[in-house]
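Below is one structure, written out as structure tokens, with a few remarks after it.
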Amino acid sequence: MTETTFDVLNPATGQLIERVADGTVQDATEAVHAAAAAFASWAVTPARMRAEILRRCYDLMVRDTDALACLIATENGKSVQDARAEVTYAAEFFRWFSEEAVRGEGTYGDAPGGGAKTLVTHVPVGVAALITPWNFPAAMATRKIAPALAAGCTVVLKPAEETPLTALALARLLQEAGVPEGVVNVVPTTDAPSVVSAWLKDERVRKISFTGSTGVGRILMRQAADRIVNASMELGGNAPFVITADADIDEAVAGAMIAKFRGGGQACTAANRFYVHEDVIDEFVEKFSAAVEALEVGPSSNHENQIGPVISQKARAGIAELVKTAIADGARVAVQGTVPDTGWFYPPTVLVDVPVRAHILSKEIFGPVAPIVSWTDEAEMLKSANDTEFGLAAYVYAGRLQDALRIAEQLDAGMVGINRGIISDPSAPFGGIKQSGIGREGAHEGIREYQETRYFSVDWS
Ligand code: ADP
């Protein structure tokens with residue numbers, strides 16, 4: 001193991017939390033040795049036994065909720081409330097996939113022309129490389145580890161450089177739950193391109209599951225193409241949040257607060273653009289602005305705080321630049337909160353009078369900024385809402401369910417929250433269309449991403 005380390009910093013203070021071993025290509029390859037060696041027995045471990053280990057992972061995560069939430073809040077910066085919600089969500093993947101692990105289905109059928117029977121089954125794809133981002137250090141890891149292990153795969157995981165501590169804590173917890181040595185191998189590194197390319201070049205790695213930006217996803221899909229590696233991609237988003245003239249505005253404000261400000265807006269499902277019907281825009285802006293102004297912003301060390309810093313100085317500069325450009329495009333600041341002097345905080349901000357062509361509406365903001373656009377014509381609003389390469393999440397608030405469903409059906413998104421500001425659920429198939437990704441995580445579909453389908457054509461006449 002490498003002796004070089006890198007610093008993990010607290011984004012609320014800029015101070016060092018811990019030094020972590022900086023994984024090299026050699027460490028990456030050793031992790032694949034371990035995963036490949038463990039695969040032989042893990043793949044044939046009875047599903048019930050794998051399920052029970054996964055269930056213990058769930059129990060232990062629930063037991064350690066406070067400690068894990070504190071760790072997430074410290075290295076990621078999100079509020080303790082958000083971090084606790086993340087631990088609950090993350091743990092649910094273990095419970096869900098412990099239940100799915102034992103539901104392995106195949107089929108048995110007659111070939112239509114007669115003469116043969118077809119037996120279809122699903123087998124684990126092999127060693128899976130998992131690459132996760134910093135915005136949900138626990139949930140993005142468990143959303144991949146749990147289905148992989150349920151399917152019988154072993155894994156090598158590269159957490160984001162900003163937040164490796166949660167992944168390392170999870171690895172210890174999995175070991176305590178009885179996950180055998182070599183089944184889960186975590187390699188933190190500052191050299192993601194070298195480590196991940198080493199994995200994609202290694203013929204023992206048969207799967208990559210990536211969550212992160214569309215740009216990096218594109219690079220990894222190109223690399224995966226060299227050996228036709230099975231790839232699942234959860235990429236960027238640009239979620240529209242639509243409010244119709246007869247929506248319940250108090251409900252819409254409550255939903256908007258969650259959809260926009262959970263994790264400080266640093267979620268790929270975060271509401272990125274608000275399309276509010278002209279008839280209700282004044283009421284919405286007034287109530288939403290009041291709610292935004294009331295947000296408690298500060299470090300997670302104060303458990304009352306609701307919004308923490310963004311992940312880095314660079315991220316903060318990027319958000320500030322987007323807001324500057326929006327103002328140059330004609331937007332007006334309705335509300336902008338205040339922030340502590342130290343740490344990488346960006347104030348929660350509401351922008352109004354945002355022109356429909358403003359640059360900010362085409363970018364994933366990844367911060368606590370809410371641009372609001374007014375609409376009157378539904379067809380034109382839908383055209384603007386769909387005018388993006390992304391298609392991950394969308395939200396609709398409407399008084400009549402048939403209006404909500406009509407609009408939802410026409411929004412290009414893999415997931416639509418209808419009169420709800422939160423859509424993530426381990427029992428539902430999370431994923432995007434267009435350039436937001438390929439594949440689904442969670443639900444029944446989630447386990448399939450880690451399996452190959454095989455069939456036996458049998459003549460037993
Ligand atoms: P974000 O903008 O959310 O940080 P990224 O796509 O940059 O998203 O990062 C997501 C994950 O991908 C992180 O674990 C990061 O280290 C990793 N990553 C970034 N660039 C590369 C690359 N060129 N090759 C492999 N992994 C990468």
Side-chain angles (χ1 to χ4, degrees), residues 6-9 11 20-25 27-28 31-32 72 75-78 86 128-145 155-168 170 185-202 205 207-227 229 231-238 263-270 272 309-319 321-322 344 363-367 389-390 392 432 435-438 441:
F6 66 95
D7 295 349
V8 183
L9 305 180
V20 169
D22 194 356
T24 59
V25 166
D27 297 319
V32 179
I72 293 170
E75 68 172 349
N76 164 283
K78 66 175 71 177
E86 181 185 342
L130 314 178
I131 322 299
T132 53
W134 48 261
N135 61 344
F136 290 90
M140 297 304 98
T142 63
R143 194 160 83 179
K144 299 184 190 304
I145 295 171
V155 307
V156 288
L157 166 71
K158 193 210 78 62
E161 168 183 343
E162 295 85 349
T163 57
L165 301 175
T166 305
L168 293 169
L170 282 176
N185 308 276
V186 179
V187 183
T189 180
T190 53
D191 188 3
S194 302
V195 162
V196 178
S197 329
W199 285 345
L200 284 169
K201 283 185 190 136
D202 192 316
V205 173
K207 168 84 198 175
I208 176 163
S209 178
F210 170 77
T211 297
S213 59
T214 296
V216 173
R218 221 174 259 130
I219 294 171
L220 297 183
M221 277 192 78
R222 280 196 197 106
Q223 292 180 19
D226 284 344
R227 285 192 310 106
V229 173
S232 301
M233 297 276 148
E234 297 291 353
L235 308 175
N238 181 2
Q266 302 174 105
C268 49
T269 52
N272 208 50
V310 296
I311 191 70
S312 63
Q313 201 163 9
K314 185 167 161 239
R316 183 175 64 180
I319 297 163
E321 186 59 33
L322 277 178
W344 301 311
K363 292 282 161 203
E364 190 172 26
I365 302 169
F366 241 64
E389 80 230 37
F390 296 114
L392 191 64
Q435 293 186 36
S436 286
I438 295 179
E441 295 193 307

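Counting starts at 1 for both ligands and their atoms, in listed order. When a residue number appears, it is its place in the shown sequence, counting from 1.
- Among all heavy-atom pairs drawn from A270 and G265, the shortest one is CB-O, 3.6 Å.
- Contact annotation: the side chain of F210 never approaches that of M221 to less than 4.5 Å [non-hydrogen atoms, C-beta and beyond].
- Counting all heavy atoms, side chain and backbone alike, P137 lies closest to E75 at CB-OE2, 4.1 Å.
- Scored by the side-chain contact (heavy atoms from CB on, under 4.5 Å) test, A129 finds V156, W199, V205 as partners (sequence neighbours excluded).
- Within the model, atoms CD of E441 and CE of M233 stand 11.0 Å from one another, a figure rounded to the nearest 0.5 Å.
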Give one line per pair: atom of ligand 1, protein atom, distance. Only N/O to N/O under 3.5 Å.
{"unit_1": "ligand 1", "atom_1": "4 (O)", "unit_2": "W134", "atom_2": "NE1", "d": "3.0"}
{"unit_1": "ligand 1", "atom_1": "6 (O)", "unit_2": "S213", "atom_2": "N", "d": "2.8"}
{"unit_1": "ligand 1", "atom_1": "6 (O)", "unit_2": "S213", "atom_2": "OG", "d": "2.6"}
{"unit_1": "ligand 1", "atom_1": "14 (O)", "unit_2": "T132", "atom_2": "O", "d": "2.7"}
{"unit_1": "ligand 1", "atom_1": "14 (O)", "unit_2": "K158", "atom_2": "NZ", "d": "3.0"}
{"unit_1": "ligand 1", "atom_1": "16 (O)", "unit_2": "K158", "atom_2": "NZ", "d": "2.9"}

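- Annotation: the span from L165 atom CG to I72 atom CD1 amounts to 11.0 Å, rounded to 0.5 Å.
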